[in-house]
Amino acid sequence: QVQLVESGGGRVQAGDSLRLSCTASGRTVDDYAVGWFRQAPGKEREFVGAITWIGGGTYYADSVKGRFTASRDTAKNQVYLQMNKVKSEDTAVYYCAAGGILSSDWSQWTSWGQGTQVTVSS
């Protein structure tokens, strides 16, 4: 399995921008898609977006489409989530995940990072 570590979380004001990073190590991620999920207190883990490692195709939840952008740096084995115009409802722990298929169902992903907290104050 690939090991994933997220970074870049923090506390921001509504309307600000933030970039999360996900660094992969261990097994190569060439065959994987990398997804971003989030979980707010008392809520289920939800799909945010994903990017295919080969090709860089991106997919987003409707709630973040137009505000969040996923990208990757294959040389660094890193995936990013650029979060623009954040809202208070974006407050959550954000996780990156790797898997052999791209799915909005979190249970389909096989490797997970430890998560990074994003808090948006209004």
Side-chain angles (χ1 to χ4, degrees):
Q1 280 189 332
V2 63
Q3 288 77 48
L4 304 170
V5 177
E6 303 94 337
S7 61
R11 182 182 296 273
V12 294
Q13 296 285 327
D16 285 352
S17 296
L18 195 66
R19 190 177 82 157
L20 306 182
S21 298
C22 174
T23 302
S25 61
R27 181 175 175 175
T28 177
V29 295
D30 283 348
D31 295 332
Y32 286 79
V34 175
W36 288 96
F37 289 77
R38 66 187 181 187
Q39 189 164 19
K43 294 187 177 181
E44 293 189 356
R45 190 166 298 190
E46 66 171 349
F47 174 76
V48 175
I51 185 167
T52 57
W53 197 254
I54 297 175
T58 54
Y59 307 86
Y60 302 99
D62 288 343
S63 59
V64 306
K65 201 172 294 182
R67 299 188 299 121
F68 291 9
T69 303
S71 60
R72 86 248 192 265
D73 185 330
T74 56
K76 294 182 178 179
N77 265 1
Q78 288 185 324
V79 172
Y80 310 103
L81 184 68
Q82 178 67 42
M83 305 167 61
N84 295 332
K85 300 179 180 179
V86 295
K87 305 175 181 179
S88 57
E89 51 262 45
D90 295 324
T91 295
V93 177
Y94 283 71
Y95 300 89
C96 65
I101 60 172
L102 196 154
S103 172
S104 61
D105 179 356
W106 66 268
S107 67
Q108 299 298 310
W109 297 77
T110 54
S111 300
W112 290 86
Q114 82 290 348
T116 186
Q117 176 71 46
V118 172
T119 303
V120 181
S121 55
S122 55

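Keep in mind it's a predicted model, so treat the numbers as computed, not measured.
The line from CG of D16 to NZ of K85 is 12.5 Å long, rounded to the nearest 0.5 Å. Between the CD atom in E89 and the CZ atom in R38 there is a gap of 8.0 Å [rounded to 0.5 Å]. Atom CG of L4 and atom SG of C22 lie 4.5 Å apart (nearest 0.5 Å). For the atom pair N77 CG and R72 CZ, the distance stands at 11.5 Å (nearest 0.5 Å). With rounding to the nearest 0.5 angstrom, the CD atom of E44 is 8.5 Å from the CD atom of Q39.
The shortest heavy-atom contact between N84 and S17 is OD1-OG, 2.9 Å. Closest non-hydrogen pair, D90 versus R67, comes out as OD2-NH1, 2.8 Å. Closest approach of G10 and L18 over heavy atoms only: N-CD2, 4.2 Å. Residue V34 comes nearest to W53 through the heavy atom pair CG2-CE3, 4.1 Å, listed as atom of the first residue, atom of the second, then distance. For the pair A40 and T91, the tightest heavy-atom approach, listed with the atom from each and the gap, is CB-O, 3.7 Å. Closest heavy-atom contact between Y32 and T110: CE2-OG1, 4.1 Å.
The closest donor-acceptor contact from the side chain of E6 to the backbone of Q114 lies under 3.5 Å. At distances below 3.5 Å, not a single donor-acceptor pair connects side-chain atoms of W36 with backbone N or O atoms of I51. Using modelled atom types, no side-chain atom of S104 and backbone atom of F47 make a donor-acceptor pair closer than 3.5 Å.
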For a quick test of your reading: what N or O donor-acceptor pairs under 3.5 Å do the side chains of residues 115-122 make, sequence neighbours left out?
residue	atom	partner	partner atom	Å
T116	OG1	G9	N	3.2
Q117	NE2	A92	O	3.4
Q117	NE2	T119	OG1	3.4
S121	OG	V12	O	3.3
S121	OG	Q13	NE2	3.3

With a 3.5 Å cut-off and sequence neighbours excluded, list the donor-acceptor pairs that the side chains of residues 58-66 form with protein atoms.
residue	atom	partner	partner atom	Å
Y60	OH	A70	N	2.8
D62	OD1	K65	NZ	3.1

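Every residue was checked against the ring-ring contact (aromatic ring centres under 6.0 Å, His included) condition with W106, not counting sequence neighbours, and none meets it.
In this structure the side chain of Y80 reaches within 4.5 angstrom of the side chain of Q78, judged on heavy atoms. At a threshold of 4.5 Å between non-hydrogen side-chain atoms, the residues W109 and R45 do not count as touching.
A continuous path of ILVMFWY side-chain contacts below 4.5 Å connects V48 to V86, so both sit in one hydrophobic cluster.
A side-chain donor from one of S107 and D105 sits under 3.5 Å from a side-chain acceptor of the other.
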